[in-house]
Protein chains: 2
Amino acid sequence: MVKFLSESPVTSADKTFFQLRKDIVEGNIQPGSKLSETELSTKYAVSRAVVREAINRLETCHLVERRANVGARVVTLTPEGLIQLYQVRESLEGMAARLAATNMTDEEVNELETLLSEHFQEVKEGQSYYQEAGDVDFHYRIIVGSKNEHLISMLINGIYHLVRMYRVQLGMAGPRVSTAFDEHKHIVQAIANRDGELAEMLMRRHILYSKNNIEKKLQ
Amino acid sequence: MVKFLSESPVTSADKTFFQLRKDIVEGNIQPGSKLSETELSTKYAVSRAVVREAINRLETCHLVERRANVGARVVTLTPEGLIQLYQVRESLEGMAARLAATNMTDEEVNELETLLSEHFQEVKEGQSYYQEAGDVDFHYRIIVGSKNEHLISMLINGIYHLVRMYRVQLGMAGPRVSTAFDEHKHIVQAIANRDGELAEMLMRRHILYSKNNIEKKLQ
DNA sequence: AAAGCACATATTGTCGACAATATAGAGATT
DNA sequence: AATCTCTATATTGTCGACAATATGTGCTTT
């Protein structure tokens, strides 16, 4: 169950994949830049086969684009891409919230409420540097709480890293601080009331606002 | 644009991937069975590296599950899995229909209407053996018509092959013939009227009915 | 007899080398 | 001068061999 959150690399290809993904998402490897297999294999001190496997996995995350016999490049971010990404995210996370309202155990709901109050303390004390981690954790729990494997996989393996990449590239460390917190609170209330429809609607709005906020930065 | 429909294999790993996917989806390789790398490499006359890459891609389609140092098995189908799959499909294809109503060109809408009338002829003449291909084509066009790359990729690379696999395993060659046709007709009308909300709702119902139909077979 | 341990075996993970392909640049041609 | 062709080079695709790991078998021990 927690396997989605604590990805523990067991194989060398795993480690290389996680490292590369981190480097791309956090901007250490620039969008549009080429991923040379030989270069990376010397850099990370592994064989080319390992790097190839890592790049293949990055491709399925939509973090790199690969052309046969040519190579892989880190995706370039575009305003259209951001809009399309948030369209999908709105739909999927809305669905996750709806399912979570039905499928989360009482204990999981309690933990979500605890997380929220911790979050509240941090916001009150102005510890905005915990923001991103807190926000990611909040969304993660609801996604996992949906108990739908396909949904979980698409969001956590696919969408989320791209979202983070956009945030980093646009220089937005965390989400909108105080307003986002209120939105989180209402979503949790709806889930605690087992009101799936409301939870979905609130989550969709929450993500829509978030998109609008990011779009402002883009222009 | 058409790249999603006409996947042309250029590399040896591509061909192996397509072949394996076909064999799994069409039931030539049974659910739950082990995919031995050495065995497959002799069977398809390619190196183990090629087979490994193909299996990796199958894993990202959720057609096989892999455990490190142990190997890959074809997924086993469960009633819960089917329900979760159709939950996601309902949401995503509903979204696709909504976006298609906005983003399809007039020409694409015309082609969709043409396809539908061809389909109608076939149903009238009782050529139900064209059913599945026609149904798949219908859904494909709307998905591609959404013009959302993420959505297209998730549905066509991920969901659809699993759906087909369930259909084959449950012995349902095509979808429900006559009623499904009417549903298709209404969806196209909504798209032609550029009524995204209605198109989404009708598509969701269409998939819901389809799910109910399959669930009956499961018990 | 059941449980635990050690070892043999088969499978996956990793590696370096070779083959096939794309790209850039020099030279030839109009 | 511009374009085309050919070649050299670098990169990716493929392969077979070796290393590391998991699993099953037989033995030992209680």
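Order of the sequence lines fixes the chain letters, A, B, ..., with proteins taken first and strands second; residue numbering starts at 1 for each chain. Predicted model only: the values in this text are computed from it and were never measured.
- Legend: side-chain hydrogen bond (donor to acceptor under 3.5 Å, both in side chains) pairs involving residues 79-89 of chain B, not counting sequence neighbours, sorted by first then second residue: A:N148-B:Q87, B:Y86-B:R89, B:R89-B:E93, B:R89-B:Y160.
- In this view, A:E39 satisfies the side chain to side chain donor-acceptor pair (under 3.5 Å) rule with no residue, not counting sequence neighbours.
- Position along DNA chain C of the nearest nucleotide to A:R67 versus A:S12 favours A:S12 as the more 5'-ward residue.
- Looking at residues two or more places apart in sequence or on another chain, you find a side-chain contact (heavy atoms from CB on, under 4.5 Å) between B:R98 and A:R204, B:M95, B:E200.
- Looking at residues two or more places apart in sequence or on another chain, you find no salt bridge (charged side-chain N to carboxylate O under 4.0 Å, His left out) involving A:K43.
- For the segment residues 40-55 of chain A, the set of residues with a heavy atom within less than 4.0 Å of an atom of DNA chain D comprises A:R48, A:R52, in numerical order.
- Checked against side-chain contact (heavy atoms from CB on, under 4.5 Å), A:T76 has no partners two or more places apart in sequence or in another chain.
- Not counting sequence neighbours, the partners of B:S36 by the side chain to side chain donor-acceptor pair (under 3.5 Å) test are B:T38.
- Contacts between residues 31-39 of chain A and DNA chain C, defined by a heavy-atom separation under 4.0 Å, are absent.
- Residues of residues 68-76 of chain A that place a heavy atom closer than 4.0 Å to DNA chain C, in numerical order, are A:N69, A:V70.
- A donor-acceptor pair under 3.5 Å is formed between the side chain of B:T114 and the backbone N or O of B:N110.
- Applying the ring pair (Phe, Tyr, Trp, His ring centres under 6.0 Å) rule to pairs touching residues 19-56 of chain B yields nothing, sequence neighbours excluded.
- Within the 4.5 Å cutoff, the side chain of B:K15 has no heavy atoms near those of the B:V46 side chain.
- Identified under the salt bridge (charged side-chain N to carboxylate O under 4.0 Å, His left out) test for residues 59-79 of chain B, with sequence neighbours left out: B:E37-B:R66.
- Nearest heavy atoms, B:V168 versus B:G27: CG1-N, 4.5 Å.
- With a heavy-atom cut-off of 4.0 Å to chain B, the contacted part of DNA chain C has its first and last nucleotide at C:dT11 to C:dT14.
- The aromatic rings of B:H184 and B:F138 lie parallel to each other, with less than 30° between the two planes, well short of the 60° mark.
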